[in-house]
Chemist: 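I am attaching a structure below and will ask some questions about it afterwards.
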Number of protein chains: 2
Amino acid sequence: MPRSGIPGIVIRRLPLYLRCLTLLAERGEDVVSSGELGAYVGVSPALVRKDLSYFGEFGKQGLGYKVAFLRDSLMGILQTDRDWPVILVGAGPLGHALMHYEPFQRWRYQIVAVFDRDPAKISQPIDDLTVQPMEDMALVIEKRRIMVAILAVPAPHAQNVAEELVACGIRAILNYAPAHLVLPSHVRAAYIAPVISLQGMTYYL
Amino acid sequence: MPRSGIPGIVIRRLPLYLRCLTLLAERGEDVVSSGELGAYVGVSPALVRKDLSYFGEFGKQGLGYKVAFLRDSLMGILQTDRDWPVILVGAGPLGHALMHYEPFQRWRYQIVAVFDRDPAKISQPIDDLTVQPMEDMALVIEKRRIMVAILAVPAPHAQNVAEELVACGIRAILNYAPAHLVLPSHVRAAYIAPVISLQGMTYYL
DNA sequence: GCGTGTGAAACAATTCACAGCG
DNA sequence: CGCTGTGAATTGTTTCACACGC
């Protein structure tokens, strides 16, 4: 159930453009061409233009794109111009590291609650939060209108926990567990899989 | 300079099949069909068969694939049947977390040295390693024949450090820094980008 | 002239559909 | 009969090439 007819692969490139534009804006750049933007992101100029053209006409012929304007436009499209409260499930070593991962804050993804199934972890403090039992999840998600969850539980639990999250109304899951999730089509998943990435490279060595 | 004419996208799915097969083997499963394997990984049965057919004929008609045999075959193809010593560059909070990330060990990627540019971090111990200055990199990479590096430095330094790594002979970089790397074609890069992944999902919410 | 926006063309990836074998 | 392996068909993605406006 895509929000629109725009290919997912185009959507997934938008954040890369946005990251570059944010950098250029910090550097005080005023305009950027599709060629420069593409070089930074690793795609062709034509693809940059095609991608952006799905959402409107942002550029000026002969000039290029106004950095600040395009950045703000992409932030609007991607909805990165607002806070996203997220919950973290899994308070193991990985969960702890994610609590302190600054880029989430920087991009307005705020971890507002941490859950774990292990009784030994429950009630333990992490920063200014306290690990809560999974039973509290439904209430927190509903009360705080959470749509995004970060999953950092052991692989064997990932599918079960994901289903609980879906039942609670979660719409997007960033999954650090080494397991594929089978989810209803209205729920999005993205995977962080360092080992898979390494294995995809060692083939060539 | 791809090692072969096999599409990169096929190579990047192989580790997903391998992960599933490893799980099935642990469960004591003897055979698996392309349909089951595909369901687990999130692709169609036809695609599983097509992917595997690039590398040989692993299945038996009417039966499916022998789990252990296919697992071992994929481990050979991906070269996950041997140790891969890797170096970590960047001893910040993220670097520390990666030192303790068990799946690397599990899949025989061993972090054998840690480097940082910050004098305050150099000589500090992490587990049984000691943070070394970047100047030591070339020697360690050569002596221990390292081909793979994990990059966990701030974004502004990522390109520079990557170039140093390439100059030292590194052939594959797992990049945690939020920056695209421009590298010679004989060097592979893979990106871990949680914020990019989140932004690619919030579009749909 | 330079760089965007965009149909048309080229290329790449996936699915179809079925022959062939256990 | 079930399931693989695989050419052919289909679908999806990227590049080309050029009209248009600054």
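Per chain, numbering begins at 1; letters A, B, ... match sequence-line order.
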Chemist: Are side-chain heavy atoms of I141(A) and L165(A) found at a separation under 4.5 Å?
Modeler: yes
Chemist: Would a 4.5 Å heavy-atom cut-off, applied to side chains only, mark V67(B) and L70(B) as touching?
Modeler: no
Chemist: In this structure, how many angstroms lie between the C1' atom of dG12(D) and the CZ atom of R12(A), rounded?
Modeler: 12 Å
Chemist: E36(A) CD to dC2(C) C1': how many Å, rounded?
Modeler: 12 Å
Chemist: In this structure, how many angstroms lie between the P atom of dC3(D) and the CG atom of L52(B), rounded?
Modeler: 16 Å
Chemist: How long is the span from the CZ atom in R19(B) to the CG atom in L24(B), to the nearest 0.5 Å?
Modeler: 12.0 Å
Chemist: Is there a donor in the side chain of E36(B) and an acceptor in the side chain of S33(B), or the other way round, less than 3.5 Å apart?
Modeler: yes
Chemist: Just how far is it from atom CD of Q110(B) to atom CD of Q105(B), taken to the nearest 0.5 Å?
Modeler: 5.0 Å
Chemist: Is any side-chain N or O of Y65(B) closer than 4.0 Å to OP1 or OP2 of dG5(D)?
Modeler: yes
Chemist: Do any side-chain nitrogens or oxygens of S33(A) fall under 4.0 Å of OP1 or OP2 in dG3(C)?
Modeler: no
Chemist: Tell me, for nucleotides 11-22 of chain C in 5' to 3' order, what letter each nucleotide earns: B for a base near a protein heavy atom under 4.0 Å, S for only sugar-phosphate near one, - for neither?
Modeler: --SSB-B--BBS
Chemist: For the residue pair F55(A) and Y203(B), does the interplanar ring angle fall in the parallel (under 30°), tilted (30 to 60°) or perpendicular (over 60°) class?
Modeler: perpendicular
